[in-house]
S.K.: 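Here it is: the structure, laid out below.
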2 protein chains.
Amino acid sequence: MEKGPLGRRRGRGARERILSASQQLFRDQGINRTGMDQLCAVAQVSKRTAYQHFTSKDELVAEYLRRFDPDVMPGVFDRTDLTPRERLLAAFEIPASTPLCPYLAAAVELHDPQHPASQYARDYKTTIAARLTETAREAGATNPEQLGEQLALLIDGASARTRVLNSESFPTAAAIAAVLIDNAIPASSPRQPSDDRGTTGSAPVPVGGQ
Amino acid sequence: MEKGPLGRRRGRGARERILSASQQLFRDQGINRTGMDQLCAVAQVSKRTAYQHFTSKDELVAEYLRRFDPDVMPGVFDRTDLTPRERLLAAFEIPASTPLCPYLAAAVELHDPQHPASQYARDYKTTIAARLTETAREAGATNPEQLGEQLALLIDGASARTRVLNSESFPTAAAIAAVLIDNAIPASSPRQPSDDRGTTGSAPVPVGGQ
DNA sequence: ACCGTTCGGTACAGACCGGTCTACATAGCT
DNA sequence: AGCTATGTAGACCGGTCTGTACCGAACGGT
């Protein structure tokens, strides 16, 4: 900040600024509709510097996706104040902010399963399913792998529907999740608050969306 | 030149050929990666003719999506040889062929909720959910709207996951659907086609229609 | 058989994109 | 101070995209 309005930012944070601008622009405009010129302008970085840090736009996209890994699903799986069952349900509460899973968006936009970014997308999906499986095991599910995969599918379904329709679909997904969890956990296993939800038809949307 | 197998097709089917080529190319390559030149070549139509039938590519994309409406989910809801419950489950059996719901793909690729094609995507999703709801009502679900919305979400989730991962996710979705259906239909509900379906609601679609 | 209309083929215009390169300015080291 | 490394600003290149213009050939009504 030793210069004018957009004065020389002088390197140090160049890479971070580029990735930060990527997150914003790719999310708001999509990958294909965001040009490198605009991206560099927002990041306040010259194209030369950009191509010094990333040899191509594809590589930038891949790194942009890789960066998400540690951040997403923040803390949900680490909240020790919740029972495992509550943690599983909490995974459906957050997502009003995220417009669409960037991994799904990237996989569709790039349209090339061989693209390195597509590989990261697969890795991420697998990681999420694994964490759900792990939590399902803690919750005492008889078949944790199955429950984890099922919940992962629900998250993706809600994400996709939220994108196409404008309505919020995560409450619906949460209702399904509650049913699945209750069916997958033997009645004896956990200590859980009062709930009769989902065992029969009505299933009154337990998790209030946003 | 009046030559080859197709030679001058002279207009009549021009519009249909364009839409047919659109379906193939947009599905295989995506919308953004399919240029009008290639599309016209496949359709054996000159660009002039193409732009005579569709004033812009956007309009072509919108029409391409609109055309899907009657065709998708072919026959599943009309199979009178199945019980309503079986029809609901049958919606999860087919789709190994379809790479990704074209509506979701278009919504992601176009990335503009105001695009006319996005509107058609919403209409389609709503239609599918409505048909599922109708069938759920026939099956005797206590809350057909909820069950229909839930099943629609499962279909989208399976479609999305199939696209990102390569694994087939529809069996997982079908397993969830079976649980939801059984939980949503009172124990007294019918299991045989000859029984009276729809004990609670309307019972249209008698056996033998179509 | 004639003539207007329509369509195929294609060259072209204008815009944009990814990526490279040159010219210049600054920071830090010696 | 001077030198070097690094970064900025932006022109520039080749390619591709959507969309248009033009010309000639084929068709259809009369």
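Nothing here was measured: the structure is a model prediction, and the numbers come from that model. Throughout, a chain's letter reflects where its sequence line sits, starting with A, and its residues are numbered from 1.
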S.K.: Between Glu145(A) and Arg137(A), is there a side-chain N and carboxylate O pair less than 4.0 Å apart?
M.R.: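 Here Glu145(A) pairs with Arg137(A) in a salt bridge, since their nearest N and O are under 4.0 Å apart.
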S.K.: Which protein N or O atoms sit under 3.5 Å from an N or O of nucleotides 20-23 of chain C?
M.R.:
residue : atom : partner  : partner atom : Å
dT22(C) : O4   : Arg48(A) : NH1          : 3.4

S.K.: Under the ring-ring contact (aromatic ring centres under 6.0 Å, His included) rule, what pairs show up with a residue in residues 127-156 of chain B, not counting sequence neighbours?
M.R.: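 Pairs touching residues 127-156 of chain B that pass the test: none.
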S.K.: If you compare every side-chain N and O of Thr49(A) against the phosphate oxygens of dT8(D) (OP1, OP2), does one of them come in below 4.0 Å?
M.R.: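 Checking dT8(D) against Thr49(A), a side-chain N or O does come within under 4.0 Å of OP1 or OP2.
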S.K.: For Gln29(A) and Thr34(A), does a side-chain donor sit closer than 3.5 Å to a side-chain acceptor?
M.R.: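 Indeed, the side chains of Gln29(A) and Thr34(A) share at least one donor-acceptor pair under 3.5 Å.
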S.K.: Nearest whole angstrom, please: distance from the P of dG7(D) to the CZ of Arg15(A).
M.R.: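 That distance rounds to 12 Å.
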S.K.: Please tell me whether Thr49(B) and Ser46(B) have a donor and an acceptor in their side chains that are separated by less than 3.5 angstrom.
M.R.: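 Their side chains do contain a donor-acceptor pair, which is all the 3.5 Å distance test asks for.
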S.K.: Roughly how many Å is it from CD in Gln52(A) to P in dT8(D), rounded to a whole number?
M.R.: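 Result: 9 Å.
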S.K.: Quick one: which of dT18(D), dT8(D), dG8(C) gets closest to the side chain of Lys57(B)?
M.R.: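 The listed nucleotide nearest to Lys57(B)'s side chain is dT18(D).
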S.K.: Here's a test of your reading of the structure: between Ser46(A) and Asp37(A), which maps to the more 5' nucleotide of DNA chain D?
M.R.: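 Its nearest nucleotide lies further toward 5', so the answer is Ser46(A).
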S.K.: Whole-Å distance between dG8(C) P and Leu39(B) CG?
M.R.: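 Checked: the CG to P distance equals 14 Å.
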S.K.: Provide the full list of salt bridge (Lys or Arg N to Asp or Glu O under 4.0 Å) pairs with a residue in residues 38-49 of chain B, sequence neighbours left out, each pair given once.
M.R.: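 Checked against salt bridge (Lys or Arg N to Asp or Glu O under 4.0 Å) - neighbours excluded - the pairs reaching residues 38-49 of chain B are Asp37(B)-Lys47(B).
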S.K.: Considering only side-chain heavy atoms of Met36(A), which listed nucleotide, dG8(C), dG18(C), dC7(C), is closest?
M.R.: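 Nucleotide nearest to Met36(A)'s side chain: dG18(C).
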S.K.: Nearest whole Å is fine: how far is dG19(C) C1' from Asp58(A) CG?
M.R.: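 Spelled out: CG on Asp58(A) to C1' on dG19(C) is 12 Å.
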S.K.: Select one nucleotide: of dG8(C), dG7(D), dT8(D), the one nearest the side-chain heavy atoms of Arg17(A).
M.R.: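 Nearest to the side chain of Arg17(A) among the choices is dT8(D).
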S.K.: Going by an N to O cut-off under 4.0 Å, is there a salt bridge joining Asp112(B) and Arg33(A)?
M.R.: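 Arg33(A) and Asp112(B): not salt-bridged.
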S.K.: For Glu59(B) and dG19(D), what is the distance between atoms CD and P respectively, to the nearest whole Å?
M.R.: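 Between P of dG19(D) and CD of Glu59(B): 10 Å.
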S.K.: Return the orientation label for the Tyr103(B) and Tyr124(B) ring planes: parallel under 30°, perpendicular over 60°, tilted otherwise.
M.R.: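 Parallel, since the angle between the ring planes stays under 30°.
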S.K.: Separation of Phe54(B) atom CZ from dT20(D) atom C1', in whole Å?
M.R.: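 After rounding, the gap between these two atoms is 18 Å.
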